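Values below: every heavy atom of this structure, side chains too, minus hydrogens, waters and symmetry copies. Just so it is clear: chains get the letters A, B, ... in the order the sequence lines come, proteins before strands, and each one is counted from 1. All figures in this text were calculated on a predicted structure; none of them were measured in a lab.
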Amino acid sequence: MAKELSKTYNPTEIEDRLYQKWLNKKYFAANVNKAKKPFTIVMPPPNITGQLHMGHALDNTLQDILIRWKRMQGFEALWQPGTDHASIATEVKITNMLKDKGIDKAELGREGFLKEAWKWRAEYGSRIVSQLKKLGSSADWDRERFTMDEGCSKAVREVFCRLYEKGYIYQGSRIINWCPVCQTSLSDAEVEHEEQHGHFWHILYPIVGQDGFVEIATTRPETLLGDTAVAVNPDDERYKELVGKMLKLPLTDREIPVIADAYVDKEFGTGCVKITPAHDPNDFEVGKRHNLEEINILNDDGTINENGGKYCGMDRYEARKVMVEELKEQGLLVKVVDHTHNVGTHDRCHTTVEPMIKKQWFVRMDELAKPAIEAIKTGELKFVPEHFDKTYLHWLETIHDWCISRQLWWGHRIPAWTCPDCGELIVSREDPTVCPKCGGTRLVQDEDSLDTWFSSALWPFSTLGWPEKTPEMEYFFPTDVLVTGYDIIFFWVIRMVFSSYEQTGKSPFHTVLIHGLVRDELGRKMSKSLGNGIDPLEVIDRYGADALRLTLVTGNAPGNDMRFSYTKMDASRNFANKVWNASRFIMMNMEGVDTAKVTTDMLADEDKWILTKVNHLAAEVTDNMDNYDLGIALQKIYDFIWDEFCDWYIEMVKPRMYAREGQEDDAAFLQSRRAACWTLKTVLIQSLKLLHPYMPFITEEIFCNLQDDEESIMVSAWPVEKQEWSFDDVEHKVEMMKEAVRAIRQVRTDMNVAPGKKAAVFVVSENEAVRKVFEDGKAFFAALGSASHVAIQADKAGIPDDAVSAVTANASMYIPLAELIDIDKEIARLEKEEKRLKGELARSAGMLRNEKFLSKAPADKIAEEKAKEAKYTQLMEQVQARLAQLKK
RNA sequence: GGAGAUAUAGCUCAGCCGGGAUGAGCGUUCGCCUCACACGCGAGAGGUCGUGGGUUCGAGCCCCACUGUCUCCACCA
């Protein structure tokens with residue numbers, strides 16, 4: 001039996017209760033089930049340091065919609081959740097926490113630090129997970145994984161060893177990005193280029209053995225200490241003489257040669273470039289070509305080292321200041337020019353990155369990239385929207401080797417050992433104790449850990465048990481869709497794809513659904529520094545998770561950014577309330593009515609009409625969702641529920657709900673009411689099901705209240721098109737009625753008739769079939785058109801001449817409002833209508849008189865246009881006849 | 001320096017295969033507390049679809065150029 005429902009929807013008291021119920025019932029669980037087809041999404045693992053933000057909310061809402069939908073469609077739907085250890089973010093956080101407690105990381109040592117880190121993760125690592133639950137996420141939490149758990153760590157080690165054995169992982173001294181604050185190396189993807197205002201310092205390098213100078217321009221004068229040459233373009237006539245000569249390097253006692261290299265752009269700056277192989281990627285290459293010495297002048301913390309002579313110990317920027325000053329004193333500083341240039345910064349701490357030569361571990365990318373590129377070309381992998389494959393391909397085609405070692409403790413330690421006795425390098429799946437070469441037992445493990453993305457790259461299969469041949473791996477892999485923001489295509493998507501091809505031979509998923517950023521109301525990125533971030537949890541508290549989900553999906557196309565606003569939240573909440581109240585209405589009226597399935601012959605035209613509508617809606621929505629047009633699908637559901645179902649159908653059906661005097665036991669009335677109630681309930685259930693992936697809580701609450709024997713909408717079947725619900729012949733009848741009602745309302749409004757004032761309505765049509773339709777729908781006019789009495793007739797007999805008229809394509813309606821009618825106003829209104837119709841007719845005629853249109857356009861298009869013309873001609877005739885009558 | 005996205009109603013955005021902008025929400029105007037809902041109901045107003053060309057019987061949609069905005073990539077010292 002229907003329960004008492006409150007007048008406004010109150011999400012807070014409902015959501016937690018339902019989520020707990022779902023958990024208890026294990027509805028989120030997915031298991032290997034050969035009888036069903038699998039559908040799998042791996043959740044992008046949030047950082048354990050994370051707090052739920054709008055980006056997560058959007059990302060997880062989209063995934064939850066897909067998963068709930070597929071689950072209802074009968075797939076064994078696995079949403080594989082988990083969290084990421086986020087090596088650098090977490091290490092920084094823990095280091096700071098320790099610092100606050102007065103503990104120094106270095107003193108604590110590796111072991112002690114890791115102990116603290118694990119403690120931290122146990123305490124805070126699940127916070128983000130509980131926040132995701134507030135959103136309604138139906139992930140299989142029993143399968144929750146962590147990038148540093150035993151299985152994932154095993155996968156990491158296996159992959160490392162395999163790539164090493166294949167020669168794809170190597171150790172080398174190369175120029176890498178170094179963050180002096182975090183004191184670790186970084187991959188290219190972690191470096192952000194920021195435009196900064198800087199200077200060009202023009203400095204003179206005296207030529208040895210003769211008068212004169214070479215003028216160079218630099219943005220980083222302190223790197224002068226590491227210069228080992230000055231380069232000019234070989235074709236530069238100005239400097240031809242100088243090539244091979246030596247220069248005195250200012251502020252040092254070193255002399256460096258002038259070399260010729262095509263890398264130098266004659267047109268840029270002075271045409272002379274100082275070469276610092278140890279601190280500039282280009283110079284590094286130049287240095288290699290000319291066998292130049294590489295002088296590292298920086299310590300890991302960004303201070304000048306012993307190679308910097310008297311500047312040793314100074315911070316790099318301090319040294320810059322001092323050196324510029326001294327150059328000025330010596331007359332070697334020509335000028336300082338303002339210059340904006342791009343500076344590489346660390347994406348986590350925004351410290352300016354210093355290029356340095358360091359011995360690091362790298363992954364060779366050329367071979368690995370190939371199948372990942374191929375995947376797009378063969379269509380094994382596709383992006384939604386499609387254009388992101390360009391971004392993806394461009395990155396892959398220009399990819400550099402991936403620096404994977406990090407000078408951090410929190411993470412997967414590199415499984416490499418060296419033997420101090422013989423220098424042998426051992427990479428092994430098991431921790432070695434003895435050197436296989438010399439038998440030495442003093443093996444030392446590499447201190448570094450792996451880039452955090454190395455483990456996330458394996459996420460789609462490591463979470464399923466790989467490298468073991470688990471039933472899950474067999475069944476759920478490859479996964480289906482990956483949902484993520486365009487901002488991490490480089491970091492993550494690409495690396496998952498090539499890792500998966502390399503390890504499993506398959507793409508990890510067939511589709512990548514890309515979404516944009518959630519911006520603030522003004523279109524700005526939400527950020528801590530701007531303080532414009534909106535906490536999704538706060539929004540959920542105020543409006544409910546359903547309303548938040550609705551806001552995030554409404555009117556948003558894949559890949560596009562969206563703006564969040566409380567105005568949108570209001571609209572979403574209003575919709576939830578609308579659904580709530582429609583359901584309340586239906587339940588109230590169902591009270592005591594038998595809603596067992598009725599037979600087709602009991603259904604009224606409007607019942608058939610709305611059933612047909614919801615039937616088609618299901619097909620359309622499914623189609624849109626198949627194409628990942630979730631925003632469009634939602635829009636259709638929204639429009640159907642609000643406009644068609646609530647504003648039309650429910651209103652149409654009201655006269656059948658309330659018995660008039662003496663009708664209480666009338667068999668025809670009771671049967672009609674029963675049919676209406678069954679239809680209301682049926683259409684509501686279908687609508688709720690379609691809406692459920694978007695608004696899981698409210699739909700569940702209503703669904704269960706509506707039918708006590710159903711335990712959850714979550715496990716109910718997704719609506720499919722039903723043959724027996726396609727009453728295509730009734731649509732035009734109902735549309736005819738709607739059109740007539742609208743016309744009556746319009747006239748009444750135009751004439752300023754108070755809504756409470758009922759008036760008789762005469763409907764005139766020469767067509768018998770049309771009259772029949774209106775006869776059947778008489779009740780609607782009273783309910784929807786404020787009619788006191790309705791007469792359907794073939795001619796105008798008995799209708800007062802001064803009645804106001806409303807014209808539709810099929811019929812004319814007359815409303816006697818003698819005391820209110822203003823002939824001039826009525827004429828003006830009809831003339832306006834006449835003008836509109838003229839325009840319409842001109843448009844149709846324009847097309848239909850065009851021979852090229854007639855000869856080239858498809859036949860159905862022409863027929864359509866002819867039908868329109870006929871309809872407007874008919875309308876025009878009626879309007880003009882009425883005008884003539886009034887002007888008489 | 002490359003690449004991409006975007007330009008539609010006052011605002012925020014949809015617009016599938018080229019075929020009347022039939023768009024939606026918010027805002028706005030007028031009228032309504034009509035026994036599900038004022039978080040509501042009814043009726044309106046409001047758009048040269050950035051500019052200029054082209055293809056087509058027909059272009060918001062396809063092609064070219066331009067302009068504005070945004071984003072990503074990139075080792076010009």
Side-chain angles (χ1 to χ4, degrees), chain A residues 5 7-9 175 188 193 200 216-220 223 231 263-265 267-276 280-285 339 341-342 344 355 385 387-388 390-391 394-395 398 486-487 489-490 516-517 521 523 547 554-557 559-563 565 567-568 570-589 620 623-624 627 629 631-632 635 638-639 646-647 650-651 654 657-658 742 745-750 752-756 783-784 786 840 843-844 846-847 850-858 860-862 864-865 868:
Chain A
L5 299 178
K7 197 167 166 178
T8 50
Y9 175 59
I175 193 141
D188 292 343
H193 295 271
F200 247 144
I216 61 95
T218 179
T219 53
R220 295 186 297 160
T223 60
Y263 152 68
V264 181
D265 180 353
E267 312 302 324
F268 192 83
T270 62
C272 302
V273 186
K274 60 192 271 311
I275 299 296
T276 323
D280 182 283
N282 293 310
D283 295 4
F284 179 76
E285 296 301 325
H339 179 62
H341 58 142
N342 282 313
H387 72 255
F388 281 103
K390 289 205 183 74
T391 314
H394 180 256
W395 177 270
T398 59
Y486 57 70
D487 48 337
I489 293 176
F490 307 131
L517 266 36
E521 197 156 8
T554 299
N556 192 228
N560 286 1
D561 289 355
M562 65 157 311
R563 299 189 191 200
S565 74
T567 313
K568 288 181 179 173
D570 286 340
S572 298
R573 179 209 46 203
N574 293 354
F575 179 66
N577 199 53
K578 188 74 185 177
V579 171
W580 184 254
N581 273 293
S583 307
R584 203 161 66 94
F585 171 82
I586 292 167
M587 285 187 237
M588 282 162 57
N589 283 290
E620 280 184 47
D623 192 47
N624 288 134
N627 291 315
D629 284 323
I632 293 173
Q635 188 67 53
Y638 180 104
D639 289 343
C646 290
D647 289 348
I650 288 183
E651 294 305 324
K654 275 180 179 172
M657 292 296 142
Y658 310 117
R742 266 197 226 104
R745 285 170 173 171
Q746 196 178 335
V747 168
R748 290 179 58 100
T749 304
D750 284 353
N752 285 319
V753 184
L784 309 180
S786 303
E840 295 288 4
R843 196 193 55 76
S844 282
M847 289 171 89
N850 183 339
E851 275 176 36
K852 286 180 174 173
F853 173 74
L854 292 174
S855 60
K856 297 197 177 179
D860 58 334
K861 215 66 224 173
I862 296 171
E864 195 180 303
E865 228 24 73
K868 282 177 194 169

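Distance alone, capped at 3.5 Å, is enough to place a donor-acceptor pair between the A:Asp561 side chain and the A:Leu517 backbone. Of the possible donor and acceptor atoms, one in the side chain of A:Asp283 sits under 3.5 Å from a partner among the backbone N and O of A:Thr276. In this structure, A:Asn850 contributes its side chain and A:Gly846 its backbone to no donor-acceptor pair below 3.5 Å. The closest donor-acceptor contact from the side chain of A:Asp280 to the backbone of A:Pro355 lies at 3.5 Å or more, if one exists at all. A:Arg584 places no side-chain N or O within 3.5 Å of a backbone atom of A:Thr8 that could act as its donor or acceptor partner. With hydrogens and angles disregarded, a donor-acceptor distance shorter than 3.5 Å links the side chain of A:Lys568 to the backbone of A:Arg563. Here the side chain of A:Asn560 pairs no donor or acceptor atom with the backbone of A:Asn556 at under 3.5 angstrom.
A:Arg573 has no side-chain polar atom (N or O) that falls below the 4.0 Å cut-off from OP1 or OP2 of B:C39. Proximity of A:Gln746 to the phosphate of B:G42: no side-chain N or O atom is located under 4.0 Å from OP1 or OP2. Contact check, A:Arg748 against B:A43: no side-chain N or O comes under 4.0 Å of OP1 or OP2. Contact check, A:His394 against B:A3: no side-chain N or O comes under 4.0 Å of OP1 or OP2. Within the structure, every side-chain polar atom (N or O) of A:Lys390 is placed at least 4.0 Å from both OP1 and OP2 of B:C73.
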When you check every protein heavy atom under 4.0 Å of nucleotides 21-35 of chain B, what one-letter string (B, S, -) results, 5' to 3'? ---SSS----SS---

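Comparing B:U69 with B:G15, their P atoms sit 25 Å apart, to the nearest whole Å. Across B:G50 and B:A59, the matching P atoms stand 15 Å from one another, rounded to whole Å. Taking the P atom of each, B:U48 and B:G54 are spaced 22 Å apart, rounded to whole Å. Using atom P as the reference point in both B:C17 and B:G10, the two lie 28 Å apart (nearest Å). Comparing the C1' positions of B:G60 and B:U22 gives an interatomic distance of 15 Å, to the nearest angstrom. Comparing the C1' positions of B:A5 and B:A9 gives an interatomic distance of 23 Å, to the nearest angstrom. Rounded to the nearest Å, the gap between the P atom of B:C11 and that of B:U55 is 34 Å. A distance of about 22 Å separates the P atoms of B:C49 and B:C57, rounded to the whole Å.
In the set B:A36, B:A14, B:A43, the nucleotide with an atom closest to the side chain of A:Asp750 is B:A43. In the set B:C37, B:A14, B:A77, B:C37 carries the atom at the smallest distance from any side-chain atom of A:Arg584. In the set B:A77, B:A14, B:C37, the nucleotide with an atom closest to the side chain of A:Val273 is B:A77. Taking the side chain of A:Met847 as heavy atoms from C-beta on, and the options B:U71, B:G19, B:C37, the nearest nucleotide is B:G19. Residue A:Ile632 has its side chain nearest to B:G15 when only B:A77, B:G15, B:A36 are considered.
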Test side-chain contact (heavy atoms from CB on, under 4.5 Å) applied to A:Glu285 and A:Ile175, step by step: CA-CA 9 Å; A:Glu285 296 301 325; A:Ile175 193 141; 5.8 Å; no

Check step by step if salt bridge (charged side-chain N to carboxylate O under 4.0 Å, His left out) holds for A:Glu865 and A:Arg843. CA-CA 10 Å; A:Glu865 228 24 73; A:Arg843 196 193 55 76; 3.0 Å; yes

Could you walk me through whether A:Thr391 and A:Tyr486 pass side-chain contact (heavy atoms from CB on, under 4.5 Å), step by step? CA-CA 9 Å; A:Thr391 314; A:Tyr486 57 70; over 6 Å; no

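The CE atom of A:Met588 sits 11.5 Å away from atom CE of A:Met657, with the distance rounded to the nearest 0.5 Å.
Comparing A:Glu651 and A:Asp280, the nucleotide of RNA chain B nearest to each residue sits closer to the 5' end for A:Glu651. Heavy-atom distances to RNA chain B give each of A:Lys861 and A:Glu267 a nearest nucleotide, and the one nearer the 5′ end belongs to A:Lys861.
When heavy atoms are screened at a 4.0 angstrom cut-off, A:Phe490 is found touching the sugar-phosphate backbone but no base atom. In this structure, A:Gly555 reaches the sugar-phosphate backbone alone: every heavy-atom distance under 4.0 Å involves primed, P, OP1 or OP2 atoms, never a base. Contact annotation for A:Asn342: base contact, defined as any heavy-atom pair under 4.0 Å involving a base atom.
Below the 3.5 angstrom threshold, one finds no donor paired with an acceptor across the side chain of A:Asp265 and the base of B:A77. No hydrogens or angles were tested; on distance alone, nothing pairs the side chain of A:Lys7 with the base of B:C37 as donor and acceptor under 3.5 Å.
Atom CZ of A:Arg563 and atom C1' of B:C70 are 11 Å apart (whole Å). The interatomic distance linking A:Asn581 (CG) with B:C41 (C1') rounds to 13 Å, in whole Å. Rounded to a whole Å, the CG atom of A:Asn627 is 9 Å from the P atom of B:C17. Note: OH (A:Tyr9) to C1' (B:C37) measures 15 Å, nearest angstrom. Between A:Met562 atom CE and B:C70 atom C1' the separation is 17 Å, expressed in whole Å. Between A:Arg742 atom CZ and B:A43 atom P there is a gap of 7 Å when expressed in whole angstrom units. Counting to the nearest Å, the P atom of B:G44 and the CZ atom of A:Arg745 are 10 Å from each other. The nearest whole Å value for the distance from the OH atom in A:Tyr263 to the P atom in B:A77 is 8 Å.
Using the six-membered ring where Trp is involved, A:His339 and A:Phe268 have ring planes that are perpendicular, over 60° apart on the 30 and 60° scheme.
Contact of the A:Asp647 side chain with the A:Glu651 side chain is not registered, since no non-hydrogen atoms from C-beta on lie closer than 4.5 Å.
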Dot-bracket encoding per residue of RNA chain B, Watson-Crick/G-U cut-off under 3.5 Å, | denoting interstrand: (((((((..((((.....[...)))).(((((.......))))).....(((((..]....))))))))))))....

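Residues A:Asn577 and A:Lys7 approach most closely at OD1-O, 4.0 Å, considering heavy atoms.
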Tabulate atom names and distances for all N/O pairs under 3.5 angstrom spanning the protein and nucleotides 56-62 of chain B.
from, atom 1, to, atom 2, distance (Å)
B:C57, OP1, A:Lys856, NZ, 2.0
B:C57, O2', A:Asn850, ND2, 2.9

